[in-house]
Amino acid sequence: MNSHILVRVTAIGLALAFVAPVTGNAAPAAAATSTTAQSPVSAGTFIDELADKAYGVLRSKKNDKDTIRREFRALLKDNFAITQIGNKLIRRHVRTISRAQYEAYQQAFPDYVVDTYTDNMFEFADSDLRIVRTVPRGTRGNVDVYARVYRDNGAQPIDSIWSVKPKEGGGWLVTDLNVAGVNLSLTQEADFNAFIAKNGFDALVAFMRGRNKAS
């Protein structure tokens, strides 16, 4: 599965964050949420601070790999729309899988994301994400945060666009990510679809679980 571009953009490495409406019996309906308007500038601050936290986890000499995985799981849970992310990536299949299959997939998904990318993140611990600008999008308070990732080794900077939405009770959640013009949700969704077409949905879940154990 293609993960190289995602790993290169930032040591967070967890941004498979893409929200889309999901229908069908397998996926539960999203609950209505109440949010308040927030400044687009604060969305940029959110992304900047999230990157700092991720880099801090990587750079700490006190953290072993298990600690790093645990810290990234916490970042994923608190800052990404993880259930909706998983829904997006299997949206073609939600009408055909059972609830048990859906729940098994969603249970495996967070650890799969963390464990798939953690080992590759160390190479990018010298990175620095800088906010370029923030642009309101739509009428629901969503914001696109334009950012650029620099590395100490002088490599070409990488441009990215982080889409975020207001979080219930205040704050933000990452809902989309584009890197150098590439929408990463479409890349990962295509990988999952190809795997399912060849091996079946249960095999995807087994693969995800096996990847977790191997890590």
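Note on F207 and Y102: same hydrophobic cluster, where clusters join Ile, Leu, Val, Met, Phe, Trp and Tyr whose side-chain heavy atoms are under 4.5 Å apart, directly or indirectly. Under a hydrophobic-cluster definition in which Ile, Leu, Val, Met, Phe, Trp and Tyr are linked whenever side-chain heavy atoms come within less than 4.5 Å, directly or via other members, F80 and I161 are assigned to different clusters. Tracing side-chain contacts under 4.5 Å through hydrophobic residues (I, L, V, M, F, W, Y), one reaches V132 starting from V135; they form part of the same cluster. Y146 and V164 end up in different hydrophobic clusters when Ile, Leu, Val, Met, Phe, Trp and Tyr side chains are linked at under 4.5 Å. Linking ILVMFWY residues whenever their side-chain heavy atoms come closer than 4.5 Å, directly or via other members, places L75 and Y112 in the same cluster.
The only member of L173, V145, N79, V41 that meets side-chain contact (heavy atoms from CB on, under 4.5 Å) when paired with F46 is N79.
The side-chain heavy atoms of W172 and V143, taken from C-beta on, include a pair separated by under 4.5 Å. Counting only heavy atoms from C-beta outward, the side chains of F72 and L58 approach each other to under 4.5 Å. Side-chain contact between V57 and T67 is absent, with no heavy atoms from C-beta onward closer than 4.5 Å. L204 places a side-chain heavy atom less than 4.5 Å from the side chain of M208. By the 4.5 Å heavy-atom criterion applied to side chains, R69 and K65 are counted as neighbours.
A donor-acceptor pair under 3.5 Å is formed between the side chain of Q38 and the backbone N or O of G171. Judged purely by atom type and a 3.5 angstrom limit, K77 has no side-chain atom pairing as donor or acceptor with the backbone of P110. Using modelled atom types, no side-chain atom of S163 and backbone atom of T175 make a donor-acceptor pair closer than 3.5 Å. Here the side chain of T96 pairs a donor or acceptor atom with the backbone of H93 at under 3.5 angstrom. The backbone N or O of I68 lies less than 3.5 Å from no partner atom in the side chain of N63, so there is not a single donor-acceptor pair. At distances below 3.5 Å, at least one donor-acceptor pair connects side-chain atoms of Y105 with backbone N or O atoms of G86. Side-chain atoms of N178 never come within 3.5 Å of backbone atoms of G181 as a donor-acceptor pair (strictly under, hydrogens ignored).
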(Q) Test side chain to side chain contact (heavy atoms under 4.5 Å, CB included) on W162 and I131; report intermediate values, then the result. (A) CA-CA 10 Å; W162 301 71; I131 305 303; over 6 Å; no
(Q) Would D191 and L89 count as a side chain to side chain contact (heavy atoms under 4.5 Å, CB included) here? Give the steps. (A) CA-CA 9 Å; D191 289 340; L89 301 182; over 6 Å; no
(Q) Set out, in order, the CA-CA distance, both residues' side-chain angles and the distance that settles side chain to side chain contact (heavy atoms under 4.5 Å, CB included) for E189 and R92, then state yes or no. (A) CA-CA 9 Å; E189 182 185 2; R92 294 185 183 180; 4.2 Å; yes
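Ring geometry, F192 versus F109: the interplanar angle exceeds 60°, so the pair is classed perpendicular (tilted spans 30 to 60°).
We find the CZ-CD1 distance between F201 and I90 to be 4.0 Å, quoted to the nearest 0.5 Å. The structure places CG of D78 at 14.0 Å from CZ of R73, a figure rounded to the nearest 0.5 Å. Distance check, rounded to the nearest 0.5 Å: NZ of K165 to NZ of K167 gives 11.0 Å.
Closest of all the heavy-atom pairs between Q106 and T83 is NE2-O, 2.9 Å. The two residues P136 and P40 have their closest heavy-atom pair at CG-CG, 3.7 Å.
Side chain to side chain, Y55 and D128 fail the donor-acceptor criterion of an N or O pair below 3.5 Å. Looking at D48 and T45, their side chains never bring a donor and an acceptor atom within 3.5 Å of each other.
Partners of E71 under the salt bridge (Lys or Arg N to Asp or Glu O under 4.0 Å) rule, at least two apart in sequence or in another chain, do not exist in this structure.
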